[in-house]
Amino acid sequence: MGKQRKGKLPIARGPNAVIVTAMRRRKTRQAADSTHSWSVLRHPLEPQSIFSQDRVEAIHQAALDVLQNLGIKVLLPEAIELFAKHGAAVSGDMLRIGSDMVEAALASAPQSFTLHAPNPARNLQVTPGQLIFTPGGGCPNVSDAIRGRRPGDMASYQDAVRLMQSFDVIHKLTPAPEPQDIPVHLRHYAMMQTQMGLGDKAVTVYGRGRQQVQECFEIIQTALGLSAAEFSDAPYCSTVINTNSPRMLDKPMAQALIDFARAGQMCIVTPFCLAGAMAPITIAGALTLQHAEALAAITLNQLAKPGAPVMYGGFGSNVDMKSGAPSFGTPEHIQMSIGSGQLARHIGLPWRSAAGAAANTNDMQATHETVMSLWGCLQANATMVIHAAGWLEGGLTFGFEKFIQDIEALQAIAHLCKPVAADAAAIGLDAIEQVAPGGHFFETDQTLNNYSTAFLEPINADLSNFGTWQKNGALTAEARATAKWQAILHDLTAPPGAQERVGRVEAMIARFTQAGGAPILE
């Protein structure tokens, strides 16, 4: 396999390279990320609104009107047949879906369910009011200050999963950066091995063709030692379903909606509507289109299997009207997040939003865009916030320094989720009494009893004065983030149970690989 850096898995060199063996040989040791546990978060603030309730109902009705009178284009014959069987009007690949079908789908879709992880302690309650953070997903490139920007490869994907695993405030694993040194017909094996072998959080499966999806289901079921009934009775993985705005559902996404539903696995339905480009330029218009597309996809999912776990999703923002490039962290992005939350609550489903950054590098713009969009998700009471850490270039690049700096923001939000004490001890009349006017509180009993836990300690920020900062090397936030991710990855190994999980699927993946892998479309 070639020479390895200390603490790293071997880099996959070709389509038949086996990465599991190295995973199984490694000892189990894991570093704690902080003294806090943020594995379960609830929203600390009431959801905000940009529309009155009658306007939310008007947008919902307009979306139903779009589906019934304008229709949606569906490219998968199997999906067209399923819609037609339940009463949709079909003209070629254009479907008109009645509001009765949509309402029936919304009635059968569960409002709450549990997304299971390889480690049961990492299971996620998917329910309104919960706050789930997942890192940037789907990025073809990767960037860090040591090796620069480059196409994603197996080594960088393994490192990214290690980073995702290392922080409690990251609740779920995502596919980024994609290992492009692995051919696409074999890539799903490597990505499943990596998620199972280096993490124990809930996993992601791409909806890239029926054979790939079914093989991933078999890998998960075997790795976790589940019977077929146990696997189908509860979701053990999720996929993101993106519609092709405006008003189109392509073959792999429609097929995934059907296959995941029938297997009892979780679909996160997410139109990507950019106002002014693939959606109307107004916030209300873009949300109307987003809502229509999401309702159509949810309906197909529930037609395939009523009661299948599904999330309403919205990832909407605006484009720059000079360049046509997507923008994130803008006022419009925040408004669309808040409006999406109102629509999700209107139909009674848990929902997915997203942070994001259009910046081309890890600079002030990148931080501003991500933090502003995170606050929009917080105000919107999003159940799941995707792309919450590491996302650059509108999703084209996963940045290691960006990931660390975003974790700082996520931990601050997580700290807000803690209840604020207001009992007699917290109000602190005794402490106030101990300090004379003009004095200080450093030595009060209240301070001495609480100083080590009262405030959130930063993981990357430097709070020393200028002289001390300069004496210590005058490191920038990015330089500190570089040192942080390097320290985390140094000799970090898999969590307990991971070796056993990949061991159970080693022969299966070898057999799948020998048979030639699986195409992304049949």
Side-chain angles (χ1 to χ4, degrees), residues 1-2 4-13 17-34 37-39 115-124 134-135 137 142 152-179 182 187-205 216 219-226 236-237 389-390 398 400 403-404 407 484-510:
M1 298 294 292
Q4 302 174 37
R5 291 184 291 130
K6 183 180 180 182
K8 298 296 173 189
L9 294 180
I11 299 173
R13 300 297 184 190
V18 178
I19 65 171
V20 224
T21 305
M23 290 180 179
R24 296 180 65 190
R25 284 199 297 258
R26 299 187 59 82
K27 61 184 180 180
T28 298
R29 186 185 67 78
Q30 215 171 355
D33 61 302
S34 73
S37 176
W38 290 314
S39 57
L115 176 61
H116 292 255
N119 177 0
R122 304 278 196 182
N123 289 353
L124 298 174
T134 80
V142 63
D153 58 16
M154 196 65 230
S156 61
Y157 180 56
Q158 291 167 356
D159 281 349
V161 171
R162 288 189 183 96
L163 291 177
M164 298 173 197
Q165 178 67 24
S166 296
F167 292 94
D168 274 352
V169 78
I170 294 295
H171 302 117
K172 187 176 179 298
L173 304 179
T174 54
E178 279 209 52
I182 307 294
R187 192 176 300 167
H188 57 301
Y189 307 141
M191 297 181 81
M192 290 309 304
Q193 285 175 311
T194 299
Q195 291 183 77
M196 288 290 180
L198 292 176
D200 64 0
K201 301 180 181 182
V203 302
T204 298
V205 171
C216 287
I219 291 169
I220 295 169
Q221 184 178 324
T222 302
L224 301 185
L226 301 170
Y236 285 86
C237 64
F398 185 94
F400 281 18
F403 178 88
I404 295 297
I407 291 292
K484 182 72 177 179
W485 68 255
Q486 287 182 303
I488 291 171
L489 296 182
H490 182 264
D491 205 29
L492 183 70
T493 56
Q499 297 172 5
E500 291 78 7
R501 287 191 288 273
V502 293
R504 295 186 193 109
V505 299
E506 186 175 10
M508 172 182 287
I509 291 177

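Note: hydrogens, waters and symmetry copies are ignored here, and every other heavy atom, side chains too, is used.
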Shortest non-hydrogen contact from [X] toward [Y]:
X      : Y      : result
His171 : Ser39  : CD2-O, 3.3 Å
Cys216 : Val205 : CB-CG1, 3.7 Å
Pro495 : Gly199 : CG-C, 3.7 Å
Leu173 : Thr204 : O-OG1, 2.7 Å
Ala498 : Gly197 : CB-O, 3.4 Å
Ala389 : Phe398 : O-CE1, 3.8 Å

Between [X] and [Y], is any pair of side-chain heavy atoms under 4.5 Å apart?
X      : Y      : answer
Leu115 : Arg122 : no
Arg501 : Leu224 : yes
Met196 : Val505 : no

Calculate, to the nearest 0.5 Å, the distance between atoms [atom1] and [atom2] belonging to [X] and [Y] respectively.
X      : Y      : atom1 : atom2 : value
Asp168 : Ser37  : CG    : OG    : 5.0 Å
Ile170 : Trp38  : CD1   : CH2   : 12.0 Å
Asp200 : Gln195 : CG    : CD    : 12.0 Å
Ile220 : Tyr236 : CD1   : OH    : 10.5 Å
Asn119 : His116 : CG    : NE2   : 12.5 Å
Gln193 : Ile219 : CD    : CD1   : 7.0 Å

Given 3.5 Å as the limit, does a donor-acceptor pair link the side chain of Asn123 with the main chain of Ala117, or not? yes

Is a donor on one side and an acceptor on the other found under 3.5 Å between the side chain of Lys172 and the backbone of Leu124? no

Using 30° and 60° as the class limits, which term best fits the ring planes of Trp485 and Phe400: parallel, tilted or perpendicular? perpendicular

Please walk me through it: do Ile182 and Met191 pass side chain to side chain contact (heavy atoms under 4.5 Å, CB included)? CA-CA 10 Å; Ile182 307 294; Met191 297 181 81; over 6 Å; no

Do you know which of Thr194, Leu492, Ile488 makes side-chain contact (heavy atoms from CB on, under 4.5 Å) with Arg162? Leu492

Apply salt bridge (Lys or Arg N to Asp or Glu O under 4.0 Å) to Arg187 and list each qualifying residue two or more places apart in sequence or on a separate chain. Glu178

Checking Gln165 against Leu198 for the side chain to side chain contact (heavy atoms under 4.5 Å, CB included) test, could you report, in this order, the C-alpha distance in whole Å, the side-chain angles of both residues, the deciding distance, and whether it holds? CA-CA 8 Å; Gln165 178 67 24; Leu198 292 176; over 6 Å; no

In sequence, state the C-alpha distance, the side-chain angles, and the governing distance for Ser156 and Asp153, and then conclude on side-chain hydrogen bond (donor to acceptor under 3.5 Å, both in side chains). CA-CA 5 Å; Ser156 61; Asp153 58 16; 2.7 Å; yes

